[in-house]
Amino acid sequence: MARVNVVMPKMGESVMEGTVLEWKKKIGDVVELDETLLEISTDKVDSEIPSPSAGKLVEILVQEGDTVDVGTPIAVIDSDVHAEVAAEGTDPVSAEAASVSEPEPAPVAEAAPPAAEELVPAVAENGSAPVAGGGARVNVVMPKMGESVMEGTVLSWAKKVGDQVELDETLLEISTDKVDSEIPSPAAGILAEILVPEGETVDVGVAIAIIATGEDVAVPAATPVSAPVPKAAPIPVSPPTPSGDGSAMEAVTAPVADGTPIQRRGSDGRFFSPLVRSIAETEGLSMGELEAIAGTGAEGRVTKSDVMGFLQNREKRPAVPPAPTATPVRHAAAPSQSAEGDPRVEIIEMDRMRQLIAEHMIRSKATSAHVTSFTEIDMTGVVGHREKHKAAFETREGTKLTYTPYFLYAAIEPMRAHPWMNSSVDGARITVKKDFHIGIAVAIGTKGLLVPVVRNAGQQNLTGLAHSVADLAARARNKQLLPDELQGGTITITNVGSLGSLMGTPIINQPQVAILSPGAIVKRPVVVEDPALGDVIAIRQMMYVSLSYDHRIIDGAMAASFLKAYRESLEAIGKESVLF
């Protein structure tokens with residue numbers, strides 16, 4: 001049987017817990033996908049929570065009135081609707097489940113280890129290794145990687161069935177529509193089952209693997225644990241049932257036609273996310289029209305932007321018949337005719353990160369009225385301060401002192417004086433943020449860049465900022481960032497000077513309204529006003545800084561005033577300044 005964990009959802013960037021107000025279903029009830037399961041309350045809103053899977057509610061782990069952290073398992077759904085329902089008189093929270101306190105992804109131990117005769121069929125179907133001993137079986141679930149992230153794709157398994165894994169050791173790599181992340185193991189033990197093969201996309205909370213824990217677990221030598229899980233055998237959304245009408249499977253596999261409800265999977269096998277299905281249903285798209293959209297997501301999947309683009313041009317397009325079930329739709333970009341067969345031309349498909357960057361940049365240019373202003377800053381004092389302290393700082397703090405923390409540190413007071421720089425635009429309203437969450441652009445080799453966010457930069461001194469910048473940059477390059485760490489920024493700083501550029505005209509990181517870009521620090525002869533000698537020519541450490549801003553709310557005068565304040569803030573730093 002497939003056990004699907006229902007977790008306390010993250011209902012907002014600052015929402016860390018929720019309270020169960022009312023369960024709409026009771027143990028033993030059959031629930032449909034997206035049917036209301038319960039109502040929860042946070043400090044911001046009360047919400048009805050849909051079921052992440054069709055099946056039977058077999059456990060309620062959190063009672064009405066209880067408050068738990070985001071990511072905590074609150075119920076278990078068995079997607080096999082014919083499974084035995086746990087006795088209602090027993091404690092729904094097992095000893096194993098009660099002992100789990102890991103953060104997302106949250107491991108959930110099943111109420112009891114399955115009997116040996118129950119384990120054998122699962123081994124045959126899932127390619128898992130039978131596990132001896134009395135250790136607990138811990139579910140590894142698809143984690144909720146951000147407020148708006150409802151599903152994830154398994155990119156690669158770092159371990160194979162039968163491998164020993166340590167707590168927090170990398171178990172697999174997953175992909176969402178925001179970031180690729182390495183997922184650590186929620187428990188030490190043996191990887192007993194892989195439930196979702198590489199390339200498959202499943203909803204948040206769905207079990208993707210099982211780890212057998214306990215000192216006496218062992219994989220029998222005869223078990224072919226090294227055999228990889230074949231990609232060509234995807235796990236069905238709902239397992240086939242030995243009796244009944246089988247409607248759960250038919251909803252996924254039956255051919256569809258115009259006028260039918262939007263299904264989770266199309267006739268060509270493509271998975272449509274809950275967000276895409278919701279937009280299609282709201283806008284009145286037929287299943288045939290949805291299937292005809294050429295997706296730009298991973299493996300040709302349809303994204304939100306694909307649907308929105310289709311809707312914008314819908315009236316200009318002729319009616320599209322549903323795709324025939326016998327012919328799979330191809331989604332790979334076709335090379336131009338002039339490139340075909342030309343040995344001097346190479347066609348390279350954009351990887352997923354580059355597609356996301358392209359989409360984000362085009363949307364930003366279409367949203368904001370971009371203008372860029374420049375100023376020149378004498379960085380001699382900052383260079384002197386860093387040179388004096390960098391060796392001792394690295395010895396004391398264990399991290400390098402780069403220029404980026406200075407750029408963040410110097411921006412705080414100018415933003416306090418120009419609060420609209422730290423805002424966003426919502427229609428005719430301007431939302432001014434009181435906290436300074438500064439995004440820092442981090443280059444990921446030649447693949448692209450990520451923009452993790454330094455939270456509450458206005459509350460940190462130079463030491464704290466140096467640690468925050470170093471930690472985020474390292475984890476960005478090692479694929480250890482969570483999507484929430486890439487969201488919520490109020491302004492962005494991109495240090496193009498670290499790559500040797502004198503200046504740049506960066507694109508605004510939506511929904512922000514400004515992005516600051518320090519260039520390379522270069523020695524140049526400049527005119528300096530000396531109190532005794534008057535105007536003299538001296539060799540100084542000079543830097544150009546550009547500010548791209550949204551001209552809908554920020555005009556040139558405000559931008560110039562901000563840049564002047566930023567220049568004065570950096571030039572006020574001297575070799576002896578106390579910044580730590």
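Residue numbers run from 1 in the order of the sequence given.
Heavy atoms only, all atoms of each residue included: Gly448 and Arg354 are closest at CA-NH2, 3.3 Å. Here the closest heavy-atom approach between residue Ala187 and residue Thr213 is recorded as CB-CG2, 3.9 Å. Nearest heavy atoms, Val31 versus Lys25: CG1-CG, 3.5 Å. For the residue pair Met8 and Val20, the shortest heavy atom distance occurs at CE-CG2, 4.2 Å. Shown here for Asp306 and Gly295, the closest heavy-atom pair between the two residues is OD2-CA, 3.3 Å. Across all their heavy atoms, Glu35 and Glu32 have their closest contact at OE1-N, 2.8 Å.
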Kindly determine whether Ile211 and Ile190 satisfy side chain to side chain contact (heavy atoms under 4.5 Å, CB included), including the steps that lead there. CA-CA 5 Å; Ile211 294 176; Ile190 288 176; over 6 Å; no
Worked check of side chain to side chain contact (heavy atoms under 4.5 Å, CB included) between Asp550 and Ile508: CA-CA 8 Å; Asp550 190 340; Ile508 297 167; 4.1 Å; yes
Should Val513 and Met421 be marked as a side chain to side chain contact (heavy atoms under 4.5 Å, CB included) after you check the CA-CA gap, both sets of side-chain angles, and the distance that decides it? CA-CA 6 Å; Val513 297; Met421 290 290 175; 5.6 Å; no
Going through the distances and angles, do Ile60 and Trp23 end up as a side chain to side chain contact (heavy atoms under 4.5 Å, CB included)? CA-CA 9 Å; Ile60 292 178; Trp23 285 98; 3.5 Å; yes
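To the nearest 0.5 Å, the span separating CG on Leu172 from OG on Ser181 amounts to 10.0 Å. Note that the OG atom of Ser41 and the CG atom of Leu21 stand 4.5 Å from one another [nearest 0.5 Å]. To the nearest 0.5 Å, atom CZ of residue Arg396 and atom CG of residue Leu401 are 9.0 Å apart. Taken to the nearest 0.5 Å, the CG atom of Leu462 stands 7.5 Å off from the OH atom of Tyr409. Separation of atoms CD1 (Ile515) and CD1 (Ile491) is listed at 9.0 Å; rounding is to 0.5 Å. Separation of atoms CG (Asp163) and OG (Ser185) is listed at 11.5 Å; rounding is to 0.5 Å.
Of the possible donor and acceptor atoms, one in the side chain of Glu198 sits under 3.5 Å from a partner among the backbone N and O of Trp157. Under the 3.5 Å distance criterion, the side-chain polar atoms of Asn478 are matched with a main-chain donor or acceptor of Ala474.
In this structure the side chain of Leu579 never reaches within 4.5 angstrom of the side chain of Asn461, judged on heavy atoms. Annotation: side chain of Gln459 is not in contact with side chain of Phe436 (no heavy-atom distance under 4.5 Å). By the 4.5 Å heavy-atom criterion applied to side chains, Met415 and Ile412 are counted as neighbours. The closest side-chain heavy-atom distance from Ile444 to Arg477 is below 4.5 Å. Put simply, the side chain of Asp435 does not reach to within 4.5 Å of the side chain of Asn422, judged on heavy atoms. Looking at Val453 and Leu486, their side chains never come closer than 4.5 Å, going by heavy atoms from C-beta outward. Counting heavy atoms from C-beta on, the side chains of Val454 and His437 never come closer than 4.5 Å. You'll find the side chain of Thr72 stays beyond 4.5 Å of the side chain of Val7, heavy atoms only.
In this structure, a donor-acceptor pair under 3.5 Å is present between the side chains of Gln460 and Ser468. In this structure, a donor-acceptor pair under 3.5 Å is present between the side chains of Thr492 and Gln512. Ser364 and Gln510 form a side-chain donor-acceptor contact under 3.5 Å, judged by distance and modelled atom types alone. Looking at His360 and Asn509, their side chains do bring a donor and an acceptor atom within 3.5 Å of each other.
Remark: Phe393 engages Phe580 in a ring pair (Phe, Tyr, Trp, His ring centres under 6.0 Å) (not counting sequence neighbours). Considering only residues two or more places apart in sequence or on other chains, Asp69 meets the salt bridge (Lys or Arg N to Asp or Glu O under 4.0 Å) condition with none of them. The side chain to side chain contact (heavy atoms under 4.5 Å, CB included) test applied to Val6 returns Leu37, Pro52, Ile74, Ala75, Ile77, not counting sequence neighbours.
Using a 4.0 Å cut-off between a side-chain N of Lys or Arg and a carboxylate O of Asp or Glu, Lys400 and Glu394 qualify as a salt bridge. Taking 4.0 Å as the cut-off between side-chain N and carboxylate O, Glu485 and Arg455 do not count as a salt-bridged pair.
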